[in-house]
Protein chains: 2
Amino acid sequence: MQNISKEDYLSTIFRNLNPEGKIKPGLIAGKLSISSAAVTDMLRKLSAEGYIIYERYKGIALTSEGENYARNMVRRHRIWEVFLNKVVGMPWDKVHEEANRLEHSSSDDLINRLEVMLDFPEYDPHGDPIPSRDGKMPKIKRQKPLSELEEGESGRVIRVNDSDENFLGYISKLGIMLKENIVIKKKIMFDESLEVSIKGKSWNISSKLAQNIFVEVKRD
Amino acid sequence: MQNISKEDYLSTIFRNLNPEGKIKPGLIAGKLSISSAAVTDMLRKLSAEGYIIYERYKGIALTSEGENYARNMVRRHRIWEVFLNKVVGMPWDKVHEEANRLEHSSSDDLINRLEVMLDFPEYDPHGDPIPSRDGKMPKIKRQKPLSELEEGESGRVIRVNDSDENFLGYISKLGIMLKENIVIKKKIMFDESLEVSIKGKSWNISSKLAQNIFVEVKRD
DNA sequence: GAAATAATTTAAGCATACTTAAAAATATTG
DNA sequence: CAATATTTTTAAGTATGCTTAAATTATTTC
């Protein structure tokens with residue numbers, strides 16, 4: 001393929017499929033910050049090249065070729081993230097952007113070598129699962145956003161949204177990291193913010209923040 | 001800048017300046033495998049942006065801004081090469097191509113971190129010097145191509161041309177690597193090939209091959 | 001130093017990936 | 001279920017970085 005734009009489209013489609021395995025053009029346009037018209041254009045090309053199934057005004061689905069390609073892009077991205085974080089020592093709020101560029105510029109051979117160096121990691125620094133060389137995804141633990149916990153409950157962080165550098169930088173300052181325990185001390189109804197306790201310290205965090213932090217669900 | 005093409009132009013110009021600090025369009029076109037017309041186009045843009053000094057039908061020179069940009073690209077490329085070779089374990093004949101892509105996709109912060117991990121290397125796996133963070137070049141030893149040695153002379157390899165993967169793969173099989181000693185046993189006048197001895201084994205190598213292997217010059 | 005050769009530039013054109021604006025199809029709402 | 005709102009597509013246009021062919025300038029050779 002050898003095309004940054006197309007790789008970004010496939011990756012975005014893959015990461016945002018709904019439970020039926022479909023996605024609408026508008027969502028792609030939003031994620032990539034481009035016009036819907038540009039998306040329509042590209043969808044026709046991706047369809048012609050056999051990566052997606054697309055009929056105008058219908059939802060978009062990946063072909064198995066497209067899915068393989070996209071999954072490999074996600075793999076590249078997340079292996080780079082682990083590498084940058086663990087080996088190079090970059091903070092977790094910087095690795096996403098760097099990996100966004102590196103993922104398009106590395107051979108599969110390089111990615112495989114990095115994976116070996118890292119001893120086959122299963123999750124990236126934000127808790128997202130890393131597809132294996134043969135396309136298998138590791139098991140994902142049951143999880144829900146912090147915002148859905150009740151007063152008095154607590155949860156162990158197992159994933160955070162990786163797409164916003166400022167968000168990650170901010171929650172780091174609160175002491176939030178993977179495996180950290182967070183206690184919901186109070187839910188403020190007025191603005192749906194939360195009073196939480198992390199490592200013995202109390203903080204008030206907004207609803208939006210809480211929606212992007214995911215904790216393990218012990219039982220349903 | 002944020003532009004792979006322009007970065008490749010600047011890099012190519014920098015690497016191929018003549019002793020007067022100039023280069024002709026045709027050479028750039030050759031190195032980049034594109035038409036001279038395309039080069040003329042781009043030279044106007046690079047000139048408008050202040051990276052080069054260019055008047056039609058005159059030679060091209062880098063401005064100090066262009067030189068800094070280009071030197072930094074070379075730095076990125078060579079640090080990646082060392083990293084891929086030393087840390088990731090890629091063979092020296094594979095690192096150039098991989099670095100050619102990575103050099104456009106990495107932040108200065110990442111490069112600086114890699115440099116620290118590598119303990120500030122001065123030469124890449126092919127013997128080319130690595131510009132430091134503040135733009136200084138390490139000393140280069142006096143050198144000449146193997147093809148210029150006389151019968152009976154010998155030389156220690158300190159640099160090889162890095163641009164051809166097959167060339168590097170081939171000379172590796174002959175046991176040629178940096179710091180290796182090569183003895184010229186015989187110069188064959190008919191085709192200017194050389195009979196050489198490496199690690200006690202004899203080989204016949206072509207003139208073209210010998211022109212791309214550089215040995216240390218002890219005295220002039 | 002004029003003629004022949006080589007290098008460079010100009011001109012016209014192409015594919016790509018985007019844009020905005022208008023048209024068409026779909027989804028929502030009263 | 002018809003009117004309205006939203007989403008998607010089409011149409012026309014742009015910047016970029018290339019191409020080939022022709023014209024121009026520089027260089028080499030005799």
Side-chain angles (χ1 to χ4, degrees), chain A residues 1-14 16-62 66 69-70 73 100-101 103-105, chain B residues 1-14 16-62 66 69-70 73 100-101 103-105:
Chain A
M1 168 170 292
Q2 171 84 335
N3 184 312
I4 295 174
S5 244
K6 282 179 186 164
E7 290 185 343
D8 280 337
Y9 274 88
L10 287 179
S11 227
T12 301
I13 292 168
F14 181 81
N16 294 286
L17 291 172
N18 64 24
E20 289 89 51
K22 297 211 160 180
I23 186 174
K24 295 204 270 177
L27 184 56
I28 302 173
K31 294 283 176 186
L32 295 176
S33 301
I34 54 176
S35 70
S36 291
V39 173
T40 302
D41 249 32
M42 186 62 93
L43 291 178
R44 253 200 251 90
K45 290 177 198 165
L46 288 170
S47 174
E49 290 168 31
Y51 293 107
I52 63 171
I53 293 157
Y54 169 63
E55 283 178 273
R56 40 212 258 304
Y57 294 109
K58 311 272 180 210
I60 298 134
L62 288 166
Y69 202 110
M73 290 311 299
N100 263 350
R101 294 186 302 266
E103 63 185 1
H104 303 292
S105 313
Chain B
M1 168 170 290
Q2 169 84 334
N3 185 313
I4 295 174
S5 244
K6 284 180 186 166
E7 290 186 344
D8 281 337
Y9 274 87
L10 287 180
S11 229
T12 301
I13 292 169
F14 182 81
N16 295 286
L17 291 172
N18 65 24
E20 289 91 48
K22 297 211 161 182
I23 186 175
K24 295 206 268 175
L27 184 56
I28 301 173
K31 294 282 176 185
L32 294 176
S33 301
I34 54 177
S35 69
S36 290
V39 173
T40 303
D41 249 33
M42 185 62 92
L43 292 179
R44 253 200 251 91
K45 291 176 198 167
L46 288 171
S47 174
E49 290 169 31
Y51 292 107
I52 62 170
I53 293 157
Y54 169 62
E55 282 178 273
R56 36 212 261 306
Y57 293 109
K58 311 273 180 210
I60 299 134
L62 288 166
Y69 201 110
M73 290 310 300
N100 263 350
R101 293 187 303 266
E103 64 185 0
H104 303 293
S105 312

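Numbers restart at 1 for each chain; the letters A, B, ... are given by sequence-line order, proteins then strands.
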Using whole Å, report how far [atom1] of [X] lies from [atom2] of [N].
X     : N      : atom1 : atom2 : value
B:L43 : D:dG17 : CG    : P     : 13 Å
A:I28 : C:dC18 : CD1   : P     : 12 Å
B:D41 : C:dA15 : CG    : C1'   : 15 Å
A:E49 : C:dA15 : CD    : C1'   : 13 Å
A:M42 : C:dA15 : CE    : P     : 16 Å
B:Y9  : D:dG17 : OH    : C1'   : 7 Å
A:I4  : D:dG17 : CD1   : P     : 13 Å
A:L32 : C:dT16 : CG    : P     : 19 Å

Name the closest nucleotide to the [X] side chain, picking from [options].
X     : options                : result
A:R56 : D:dC18, C:dC18, D:dT10 : D:dT10
B:S5  : D:dG17, C:dC18, D:dT25 : D:dG17
B:N3  : D:dT25, D:dT9, D:dG17  : D:dG17
A:Y54 : D:dG17, D:dT9, C:dT19  : D:dT9
B:A37 : D:dT8, D:dT20, C:dT8   : D:dT20
B:K45 : D:dT24, D:dG17, D:dT9  : D:dG17

Side-chain-base donor-acceptor pair under 3.5 Å for B:Y57 and C:dT9: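 Checked by distance alone, the answer is no.
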Where A:Y9 and A:L46 come nearest, the two heavy atoms and their spacing: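 Of all heavy-atom pairs spanning A:Y9 and A:L46, the closest is CB-CD1, 3.8 Å.
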Shortest non-hydrogen contact from B:N100 toward B:H104: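 Closest approach of B:N100 to B:H104, heavy atoms only: O-CD2, 3.1 Å.
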Crowding at NZ, A:K31 (>12 non-hydrogen neighbours, <6.0 Å): no
pair B:K45-B:Y51: side-chain heavy atoms closer than 4.5 Å: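 Contact flag for B:K45/B:Y51 side chains = no.
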B:S35 or A:R44, whichever maps to the more 5' nucleotide of DNA chain D: A:R44
Euclidean distance, B:N16 CG relative to B:K24 NZ, rounded to 0.5 Å: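 The distance works out to 13.5 Å.
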